[in-house]
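As structure tokens, the structure follows; a few thoughts come after it.
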Amino acid sequence: MNHSPEYLLQLLQRFIKHPKLISQLHSLVITSAHLLHNPNSPSHLKWKPTLFYNTLITAHHTSGFPHKALLLFTHMLASQVPPNSHTFPPLIKSASSSPSLGTSLHTQVIKRGVLCDPFVQTTFLVLYARNGSLVDARKVFDEIPLLCIVACNAMLHAFCTNGDMESAVSLFRGMPKRDVVSWTSIINGFAGNGEFGKAIQFFGKMMTHKDVLGCLVKPNEATYVSVLSSCANLDGKTALDCGKQVHGYVVANEVNLGVFVGTSLIDFYGKMGCLNYAVSVFNQMDSREVCTWNAMISSLASNGREKEAMDMFEDMKAEGRLRPNSITFVAVLTACARGRFVREGLDLFGSMSDVFGVVPIMEHYGCVIDLLGRAGHLGEATDIINNMPFQPDASVLGALLGACRIHGAIELGEEIGRRLLELQKPHCGQYVVLSSINAEKERWDHAADLRREMMEAGIQKIPAYSMVHLT
DNA sequence: TTAGGGTTAG
């Protein structure tokens with residue numbers, strides 16, 4: 001078998017995204033270590049050990065083994081193989097969950113004299129932004145001597161994900177050159193900060209205005225996904241029209257209906273109540289991932305087609321390729337609650353952990369309490385709350401309180417309402433529900449007391465309103 | 001050989 005360094009390197013580069021092969025190749029590299037460190041190598045091969053380690057580090061990072069990538073770096077240093085600017089970007093990304101490791105790598109970067117490398121700088125910028133250190137990210141950005149579009153886009157994204165849209169837009173306006181990533185970052189930034197209308201406006205501007213270099217910027221799949229997600233989060237005809245228009249672009253431009261775009265379209269149509277469109281997109285997709293099924297099941301569950309949502313879950317399991325995740329169970333349990341499938345819901349909840357390896361979190365408890373509460377099983381719901389492995393939050397208690405109102409359970413409702421009041425910042429919702437429970441049972445004195453308590457706490461009931469959209 | 005943007009629940 002040929003174990004020359006060149007051959008191993010070729011193998012590594014070829015199979016860089018195959019985790020199983022990577023560990024085999026790593027073993028081969030270890031057994032061929034003497035080849036890497038041959039002091040008699042000709043001078044044109046001296047850089048090979050560095051390239052070797054760089055490739056292995058990248059391979060482990062991209063295959064989802066960040067710890068191994070970092071371990072390899074220590075081997076590299078121990079073997080006195082000098083790291084270069086290519087070594088650090090994958091290492092910095094592998095250290096993203098540990099700020100202290102990030103600092104150590106920063107020290108190494110300075111020691112190896114590659115601090116001014118734009119790739120290294122941009123990776124640090126992204127790392128600091130991910131850890132929420134916008135000041136540090138900005139500092140790195142300001143120290144980049146020759147700014148390129150990639151570094152600017154990374155800074156745009158840093159501002160957006162840390163909620164500073166003003167700085168993001170200001171930087172965007174000042175950029176000498178922009179591309180589809182710059183535009184998509186801003187659109188997604190507005191969406192991420194809840195300003196969906198502005199996200200849609202920005203998309204409209206992108207589609208109709210020439211950019212700084214006098215050209216129209218063509219959206220890609222990421223852009224469509226961002227704008228569809230914004231449309232899905234808004235109500236009204238404008239949002240529906242906009243999303244439909246995006247779907248139109250996708251069809252007209254023969255954009256591949258991949259997992260991201262397809263899932264976003266399903267979610268959009270589901271949230272708009274256009275179930276038939278959602279199902280049609282789902283059926284057209286060649287490839288579906290868990291999130292695709294989740295979006296479809298949620299859409300059916302929240303549009304009165306609970307039985308179909310349950311059937312869809314069965315289809316997903318029958319296909320066998322994908323494992324339901326935490327979100328899948330929120331969607332299916334929601335379907336059970338709304339469809340009054342109490343037995344099925346409880347069985348499913350019971351099997352989550354054992355059969356599917358998904359440990360129930362707060363959202364799942366919320367669904368089950370809703371499931372039992374709607375069906376009037378208030379005692380069972382209370383038992384589950386009292387035996388939860390963690391303290392129930394407002395959504396779980398709120399689900400039970402809502403059920404108490406529906407079923408006129410005054411005492412339990414008062415108890416849960418009080419617990420909610422202790423848990424939450426003052427909010428009129430609980431007071432109003434509590435007060436309504438009492439009023440419905442003609443316990444006017446209690447109802448009046450609660451309303452008074454509410455006013456004293458400085459809370460005013462938000463008046464109900466309805467809106468007519470005029471076009 | 002190395003750097004930037006995206007989907008599902010609540």
Side-chain angles (χ1 to χ4, degrees), chain A residues 9 12-13 16 47-48 50-59 61-62 83-93 114 117-127 129 140-141 144 148-158 160-161 178-189 191-192 219-230 232 258-268 270-271 278 285 288-299 301-302 324-335 361-367 370 393-396 398-399:
Chain A
L9 188 61
L12 272 178
Q13 288 169 343
I16 203 158
W47 55 275
K48 286 279 183 185
T50 299
L51 173 55
F52 233 102
Y53 272 106
N54 289 353
T55 313
L56 258 185
I57 287 169
T58 303
H61 167 255
T62 53
N84 63 12
S85 65
H86 296 245
T87 316
F88 290 100
L91 283 176
I92 298 165
K93 284 188 272 183
V114 292
D117 179 83
F119 288 75
V120 173
Q121 285 171 312
T122 309
T123 317
F124 269 125
L125 192 167
V126 171
L127 174 75
V140 173
F141 181 71
I144 299 177
C148 65
I149 197 162
V150 175
C152 289
N153 287 344
M155 193 65 230
L156 274 183
H157 186 237
C160 291
T161 49
R178 303 174 197 130
D179 63 7
V180 64
V181 178
S182 328
W183 282 89
T184 306
S185 295
I186 294 288
I187 294 167
N188 203 42
N220 63 15
E221 291 187 32
T223 325
Y224 294 129
V225 168
S226 288
V227 74
L228 280 169
S229 164
S230 297
V259 169
F260 275 89
V261 174
T263 304
S264 305
L265 278 169
I266 293 167
D267 176 56
F268 162 72
K271 292 224 171 83
M285 289 171 70
R288 304 178 187 113
E289 292 299 330
V290 178
C291 56
T292 318
W293 289 89
N294 292 350
M296 194 64 250
I297 296 170
S298 299
S299 297
S302 53
N325 64 16
S326 195
I327 298 175
T328 318
F329 285 101
V330 173
V332 187
L333 288 171
T334 302
I361 56 170
M362 194 68 80
E363 283 74 8
H364 302 114
Y365 280 95
C367 292
D370 190 32
D393 76 349
S395 71
V396 174

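So you know, we letter chains A, B, ... as the sequences are listed, proteins then strands, and number each from 1. On a predicted model such as this, the values are computed, not experimentally measured, just so you know.
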- Starting at atom CD1 of A:Ile297, determine the distance to atom P of B:dT8, rounded to an integer number of angstrom. 15 Å
- Between B:dT2, B:dT8, B:dG5, spot the one nearest the side chain of A:Thr263, thanks. B:dT8
- Task: Could you check whether A:Ser185 gets within reach of a base, just the sugar-phosphate, or nothing at all, counting any heavy atom under 4.0 Å?
- Result: sugar-phosphate
- What does A:Asn54 touch in the nucleic acid at a heavy-atom separation under 4.0 angstrom: a base, only the sugar-phosphate, or nothing? base
- Message: The side chain of A:His86 is closest to which nucleotide in this list: B:dG6, B:dT2, B:dT8?
- Response: B:dT2
- Task: Indicate, yes or no, whether a donor-acceptor pair under 3.5 Å links the base of B:dT7 to the side chain of A:Ser264.
- Result: no
- side-chain contact (heavy atoms from CB on, under 4.5 Å) filter on A:Asp370, not counting sequence neighbours, yields A:Ala337, A:Arg374, A:Ala399
- Query: NA contact type, A:Val180, heavy-atom cut-off 4.0 Å: base, sugar-phosphate, or nothing?
  - Reply: base
- Query: Any side-chain N or O of A:His157 less than 4.0 Å from the OP1 or OP2 oxygen of B:dG6?
  - Reply: yes
- Query: Checking all strands, does A:Pro118 fall into the base, sugar-phosphate, or nothing category for heavy-atom contacts under 4.0 angstrom?
  - Reply: base
- Look at all strands and tell whether A:Cys367 reaches a base, only sugar-phosphate, or nothing, counting heavy atoms closer than 4.0 Å. nothing
- Are A:Asn188 and B:dG6 close enough that a side-chain N or O sits under 4.0 Å from OP1 or OP2? yes
- Message: Using a distance-only criterion (donor-acceptor N/O pair, under 3.5 Å, no hydrogens), is the base of B:dA3 paired with the side chain of A:Thr123?
- Response: no
- Message: Using only modelled atom types and a 3.5 angstrom limit, is any donor from either the side chain of A:Asn220 or the base of B:dG5 paired with an acceptor on the other?
- Response: yes
- How many Å lie between CG on A:Leu56 and C1' on B:dT2, as a whole number? 15 Å
- In A:Thr122, A:Thr58, A:Thr123, the residue satisfying side chain to side chain contact (heavy atoms under 4.5 Å, CB included) with A:Pro89 is A:Thr123
- Set of side chain to side chain donor-acceptor pair (under 3.5 Å) partners for A:Asp267, sequence neighbours left out: A:Lys271
- Message: Counting C-beta onward and ignoring hydrogens, is there a side-chain heavy-atom pair between A:Ser326 and A:Ile361 closer than 4.5 Å?
- Response: yes
